[in-house]
Amino acid sequence: MKTPTPTRRRIAALALAFAFAAAALSPVVDPSPSPAQADNPIVQTVYTADPAPLIHNGRLYLYTGHDEDGATWFDMRDWRVWSSDDMVNWTDHGSPLSLDTFSWARQDAWAGQAVERDGKFYWYVPVINDATGRPAIGVAVADSPTGPFEDALGRPLVQNGEIDPSVFIDDDGQAYLYWGNPNLWYVKLNADMTSYSGAPTQIPLTTQGFGTRPGSSDRPTLYEEGPWVYKRDSLYYMAFAAQCCSEHIAYSTAPGPTGPWTYRGTVMPTQGSSFTNHPGIIDYKGGSYLFYHNGALPGGGGFARSVAVEQFDYNPDGTIPVINMTESGAPQVGALNPYVRQEAETIAWANGVETEPSGEGGMNVGWIENGDWIKVKGAAFGTGAATFDARVASATGGGAIELRLGGPTGALVGTCNVPGTGGWQTWTDVSCPVSGATGTQDLYLRFTGGSGYLFNVNWWQFAT
Ligand SMILES: [Ca+2]
Ligand SMILES: [Ca+2]
């Protein structure tokens, strides 16, 4: 049984400062007036970095790193998984992979990517090999996109002191692992995805292939790190973090997976209060999306980053337009169905809460204090909801869930009282009447009660 730790830092509690902070950090952000409207960054409960999207069974899974609170370097110890089917409400799947997964890893749970092959999920990550003190790339495997992941090999897959693996499986089934900083490498993975054929091959970093870095003789091209390789139509793309520091995102294209690469330009300019950036590009439900990171959360910066997303359209010739960071993020695809069980940790914007593994499986929302709230964007109530049910637990005296529409102080359509249950993982169902919830609305679960932590929420569901 896990008890919320009162001393844990609550970054999201500062979210009211978000609009002001973000406006000061970047001149390019949307003029969104308040965090109630902002949907970027897409996670507010922890700092996240180095996004890597993956689509499985019609759902978009997002693999990220995790910057520790208060870090003064890239202090990263685990990786995180999130998912969405509408690009705005993101479900927290917790931390199914960490340094502890790799017995041979010492530190630096940095940028990786997960891919699916034959019903298994392979997550390639760089870590410091304890035996050598140098970066190596490990691979973890799972039967589910949300893990749990295990070390597939018990040793590094490949090690040459360089980082940032990206994996691409071509239409012919051949898989390629790309990585590198300061150089750029690829190797052909075997069909088992945990071994390779041939030796790692260096991709020539020419200015024709990767642009010209101004004022640098030791690194003449823009390529810095973080390759992201994919194929669209018959063209191969490599996006990458360019020109440290601060980095921007640039890209090159090639007629084949091994090149030759031609530099194509900037994807995302230097913006957003993090001196690194990292691309993850994918098509989903008819739209094209760039995942990246910035320092836009309260307390954010170069070592306290947050993953964000923008929707974009390729130009007719296949080139990528210049994409700016926004606070509004990607538009919602479809709507959320409030009449099926929704996890409390499915969130468009969280103010003041965090998440933790639930004793009932998955995650639950916790650290709930008076006035905290969760935004769920675009809930389709149709002709109207009659009741609201929630799965709750409280080691204290509980409180109440206010159901509001349009904003945290918007129209009140129901109030659900939550009793003390004798434990933070001692769960019970509560139910309450709802009136006035019709049409498609942004739903706010606003939590009220006395002082201190009030209760936890595992899931909720409306009924007609
Ligand atoms: Ca709180
Ligand atoms: Ca849950």
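Values reported hereafter were calculated over all heavy atoms of this structure, with side chains retained and with hydrogens, waters and symmetry mates removed. Both ligands and their constituent atoms are indexed starting at 1 by order of listing.
Counting just the N/O/S atoms of Glu369, the one with the shortest distance to the Ca ion (ligand 1) is named OE1. Checked against the Ca ion (ligand 1), the N, O or S atom of Asp372 at the shortest distance is OD2. Considering just the N/O/S atoms of Glu343, the one nearest the Ca ion (ligand 2) carries the name OE1.
Put simply, the angle at the Ca ion (ligand 2) from O in Asn458 to OE2 in Glu345 is close to 130°, to the nearest 10°.
Residue Met363: an N/O/S atom is found under 3.0 Å from the Ca ion (ligand 2). Among the backbone and side-chain atoms of Trp367, an N, O or S atom lies under 3.0 Å from the Ca ion (ligand 1). Residue side and main chain included, Glu360 places no N/O/S atom under 3.0 Å of the Ca ion (ligand 2). When distances to the Ca ion (ligand 2) are checked against a cut-off of 3.0 Å, Asn364 contributes no N, O or S atom below that limit. Residue side and main chain included, Ile368 places no N/O/S atom under 3.0 Å of the Ca ion (ligand 1).
In this structure, Arg305 and Asn294 have side chains that are not in contact, with every pair of non-hydrogen atoms separated by 4.5 Å or more.
Between Arg391 and Asp429, at least one side-chain nitrogen of the basic residue sits less than 4.0 Å from a carboxylate oxygen of the acidic one, meeting the salt-bridge criterion. By the 4.0 Å N-to-carboxylate-O rule, Arg341 lies too far from Asp389 to be salt-bridged with it.
No more than 12 heavy atoms of other residues, nucleotides or ligands sit less than 6.0 Å from atom CD of Glu150.
Among all heavy-atom pairs drawn from Phe455 and Thr448, the shortest one is CE2-O, 4.3 Å.
The cationic atom of Arg80 (NZ for Lys, CZ for Arg) does not lie both less than 6.0 Å from the six-membered ring centre of Tyr63 and within 45° of the ring axis.
Centroid-to-centroid, the aromatic rings of Tyr178 and Tyr124 stay 6.0 Å apart or farther.
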